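Written out below as structure tokens is the structure these notes cover.
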Amino acid sequence: MLPVAEEIGSEALLRMFTTFPKTKTYFSHLDISARSEHLRCHGKKIVEALAEGARNISTLTTTLAPLSRFHAYQLRIHPTNFKLFNHCIIVTLACHMGDNFTPVAHAAIDKFLSAFSAVLAEKFR
């Protein structure tokens with residue numbers, strides 16, 4: 001589906017775990033070392049969810065409702081972690097996109113990730 005989903009997602013996750021070590025607590029049951037199967041698989045899931053949200057941006061709340069409930073009620077992920085991941089995926093995208101990561105692209109990606117995170121965090125309250 002997305003040829004770079006696994007690479008981008010796992011790199012962003014590893015960046016988050018390295019930069020913000022407390023985020024690892026949610027993944028203590030998985031092998032989250034560099035290039036591990038768990039890291040690559042979860043990274044791919046995240047990027048595919050982001051792509052699904054982008055495809056259905058006009059119905060983002062409805063599209064992400066199951067994911068929002070899952071992260072709030074079952075995983076109990078604090079919404080601050082979504083913001084930390086957003087930062088890490090933006091840095092990862094900037095590294096991969098090079099000159100194509102323009103200020104306009106940065107602003108658009110940041111705006112989308114903020115909206116995506118806000119929807120994920122809705123059920124946490």
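Keep in mind that what you see is a predicted model, and the values were worked out from it rather than measured.
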Kindly say whether [Y] contributes a backbone atom to a donor-acceptor pair with the side chain of [X] at under 3.5 angstrom?
{"X": "Ser68", "Y": "Val119", "result": "yes"}
{"X": "Ser33", "Y": "Ser36", "result": "no"}
{"X": "Thr25", "Y": "Lys22", "result": "yes"}
{"X": "Asn56", "Y": "Thr63", "result": "no"}

Should Val91 and Met97 be counted in the same cluster of Ile, Leu, Val, Met, Phe, Trp and Tyr side chains packed under 4.5 Å apart? no
Margin query: If hydrophobic clusters are built from ILVMFWY residues whose side chains come within less than 4.5 Å, do Leu64 and Ile77 share one?
Written below: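 Yes.
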Is the shortest heavy-atom distance from the side chain of [X] to the side chain of [Y] under 4.5 Å?
{"X": "Leu50", "Y": "Leu113", "answer": "yes"}
{"X": "Ile32", "Y": "Lys24", "answer": "yes"}
{"X": "Asp110", "Y": "Ile90", "answer": "yes"}

- Report the C-alpha distance between Glu48 and Lys45 in whole Å, list the side-chain angles of each, state the deciding distance to 0.1 Å, and finish with yes or no for salt bridge (Lys or Arg N to Asp or Glu O under 4.0 Å). CA-CA 5 Å; Glu48 288 177 346; Lys45 282 182 189 176; over 6 Å; no
Ignoring hydrogens, what is the shortest heavy-atom contact between [X] and [Y]? Give both atom names and the distance.
{"X": "Tyr26", "Y": "Arg76", "answer": "CE2-O, 3.4 Å"}
{"X": "Ala34", "Y": "Leu39", "answer": "CA-CD2, 4.2 Å"}
{"X": "Ile89", "Y": "Ala12", "answer": "CA-CB, 3.8 Å"}
{"X": "Thr92", "Y": "Cys88", "answer": "OG1-O, 2.8 Å"}

What do you reckon, are the aromatic ring centroids of His42 and Phe27 less than 6.0 Å apart? yes
| Strictly under 6.0 Å, is that where the ring centroids of His78 and Phe124 end up? | yes
Walk me through whether Thr61 and Glu122 qualify under side chain to side chain contact (heavy atoms under 4.5 Å, CB included). CA-CA 9 Å; Thr61 301; Glu122 278 181 359; 3.7 Å; yes
Could you tell me the separation between the [atom1] atom of [X] and the [atom2] atom of [Y], rounded to the nearest 0.5 Å?
{"X": "Met16", "Y": "Thr23", "atom1": "CE", "atom2": "OG1", "value": "4.0 Å"}
{"X": "Arg15", "Y": "Leu84", "atom1": "CZ", "atom2": "CG", "value": "13.5 Å"}
{"X": "Cys41", "Y": "Asp31", "atom1": "SG", "atom2": "CG", "value": "12.5 Å"}

Over 60° means perpendicular and under 30° means parallel, so tell me whether His87 and Phe20 are parallel, tilted or perpendicular.
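The rings of His87 and Phe20 stand perpendicular, inter-plane angle above 60°.
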Checking Phe116 now: which residues fulfil ring pair (Phe, Tyr, Trp, His ring centres under 6.0 Å) with it, not counting sequence neighbours?
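Once residues adjacent in sequence are excluded, the partners of Phe116 under the ring pair (Phe, Tyr, Trp, His ring centres under 6.0 Å) criterion are Phe112.
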Is any NZ, NE, NH1 or NH2 atom of the basic residue among Arg40 and Glu37 found under 4.0 Å from an Asp or Glu carboxylate oxygen of the other?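 Judged by the 4.0 Å cut-off on N to carboxylate O distance, Arg40 and Glu37 do form a salt bridge.
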